[in-house]
Amino acid sequence: MTTPVRVRFAPSPTGKLHIGGARTALFNWAYARRHGGQFLLRIEDTDPERSTKEFEVAILDGLRWLGIDWDEGPDVGGPCGPYRQSEKYPQYRAVARQLVASGHAYYCFCSEERLEQVREQQGARKERQVYDRHCAALSSADAAARVAAGESAVVRFRVPPGETVCVDHIRGDVRFAHEEVDDWVMVRSDGSPTYNFCVVCDDVDMRITHVFRGEEHLVNTPKQVLLYRALAKTPPEFGHLPLMLGTDGKKLSKRTGDTALQDYRDNGYPPAAVLNFLCLQGWALDDRTAIFSIDQLVANFDIADVQKAGAVFDIDKFKWMAGEYLRKETPQQLAEHCAPFVVAAKLATPADLAARWAWFVEVVKTEQPRISIYGELPSRVAYLFQPDEAVAWEAEALEAVRKHPGAVQTLRAYRAWLEPRIANGVDAAALRGAAKGWAQEQGIKLPAFFQPLRLALCGVVHGADLFDVIALLGPRAVLARLEHAAQRLAG
Ligand code: GLU
């Protein structure tokens with residue numbers, strides 16, 4: 001490759017970063033890194049009503065959270081700025097004037113009513129609804145005079161006759177007849193430039209070599225390619241990434257999984273798992289490896305290997321993958337990642353956790369085999385943070401215990417047996433064996449022992465190993481909970 005690769009991600013800050021947008025960013029980034037090229041970030045904020053600074057900040061944050069970095073962009077600058085479209089209006093207007101002067105574009109004075117009429121007539125004749133080129137024939141002198149006199153006008157692109165082929169690395173080269181393309185509006189009557197126009201100006205200014213973006217932009221590509229021609233520029237090579245589909249085969253929607261990257265962050269998906277999973281949305285390392293690193297992606301990524309067919313976004317697989325990543329963390333790392341979720345769930349303050357950090361690491365360690373995302377920890381360990389006299393009891397757990405008529409006695413007897421054995425600290429392994437022996441001697445079946453014990457200590461049906469729980473709670477809390485549970489059950 002002779003020219004250095006320059007690719008970009010060009011989000012519109014009109015909403016949260018969509019998970020599909022994050023994939024577009026990732027594939028562009030990987031392509032740049034693979035080829036030693038540059039990855040640019042450009043903010044397409046030409047829709048002033050819907051674009052906000054907050055969304056822009058959130059999009060950049062989301063990319064950083066994933067570990068995607070950019071070589072040029074609105075925050076880091078670069079030689080081809082501005083990297084925010086709203087800061088480039090004078091440049092776009094200058095290009096529009098240049099295209100009008102060269103005859104590649106023209107002023108159109110048609111009113112909305114006239115355009116509506118034309119569309120209706122075309123509709124009635126079952127024709128394609130396109131601009132009828134009414135103003136295309138005006139002489140440039142006439143048009144210029146009308147504009148100078150203050151008449152309202154848009155600038156339209158003059159689509160030439162012919163046929164064009166554009167390179168698409170994913171879908172195969174795309175051929176289209178120019179007559180399928182409307183004389184589209186480049187600049188609105190209020191002077192604001194339109195999406196297709198800005199994108200081409202920017203991709204030219206930023207010397208973009210490859211445009212990889214979602215399939216929904218395929219319809220725009222012919223317009224854009226013709227504009228490159230008019231500007232006497234070589235169009236970039238394209239790659240239109242397949243749609244991301246829910247497991248129901250329809251476009252990804254809330255029904256089959258969250259669509260905003262932010263939601264996965266908020267729910268506690270490890271970012272490395274999100275990256276790995278996004279890689280699989282249309283690309284694969286090989287036919288068997290699901291889990292691989294970002295370095296493996298960079299070393300192996302080729303746009304031509306991206307599939308054309310829709311990519312199925314399977315949230316169950318995503319969660320499984322999150323669990324795989326979470327289990328690779330050290331308990332210390334996992335504790336750090338889970339702590340904000342415990343705080344957000346109001347179980348503890350950051351200061352509480354800091355004061356008993358070693359204990360919290362042990363808590364996390366016992367749950368590590370059982371959770372898939374950080375956000376699952378709080379509800380599983382909430383009982384550890386509740387007052388001993390008011391452990392929240394799940395109805396189901398209580399119901400199970402009610403089936404054991406001797407539960408109260410069992411709890412009291414076990415408490416009496418346990419007290420001297422944990423007076424100097426809890427050895428979970430030793431206790432596990434000894435307690436089972438005790439139950440056997442007493443003739444108490446294990447469910448009749450464990451279910452009341454778990455209710456007393458945790459209030460739930462399932463959870464961590466009970467003897468680990470005893471160690472985590474510590475002697476004082478265990479004895480208190482056994483006593484309170486016996487009273488609550490008896491009363
Ligand atoms: N701003 C467009 C979007 O957010 C992307 C345009 C492009 O990649 O060409 O969908």
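Order of appearance sets the numbers: ligands from 1, and atoms from 1 within every ligand. Positions are given from 1 along the sequence.
Listed by chain and number, Arg8, Ala10, Pro11, Ser12, Glu44, Tyr195, Val199, Arg213, His217 each place a non-hydrogen atom less than 4.0 angstrom from ligand 1.
When atom types are taken as modelled, the side chain of Asp182 and the backbone of Trp184 share no donor-acceptor pair closer than 3.5 angstrom.
In this structure, Arg156 forms a cation-pi arrangement with Tyr131, its terminal cationic atom sitting closer than 6.0 Å to the ring centre and no more than 45° off the ring axis.
Legend: residues meeting salt bridge (charged side-chain N to carboxylate O under 4.0 Å, His left out) with Lys88, ordered by chain and number and at least two apart, are Asp202, Asp205. By the salt bridge (charged side-chain N to carboxylate O under 4.0 Å, His left out) test, Glu113 is found to be paired with no residue, residues two or more places apart in sequence or in another chain being considered.
Counting only residues at least two apart or in different chains, ring-ring contact (aromatic ring centres under 6.0 Å, His included) contacts with residues 301-342 comprise Phe27-Phe301, Tyr264-Phe318, Tyr269-Phe318, Phe277-Phe313, Phe277-Phe318, Trp283-Phe301, Phe313-Phe318, His337-Tyr374.
Side chain to side chain, Asn300 and Gln296 fail the donor-acceptor criterion of an N or O pair below 3.5 Å.
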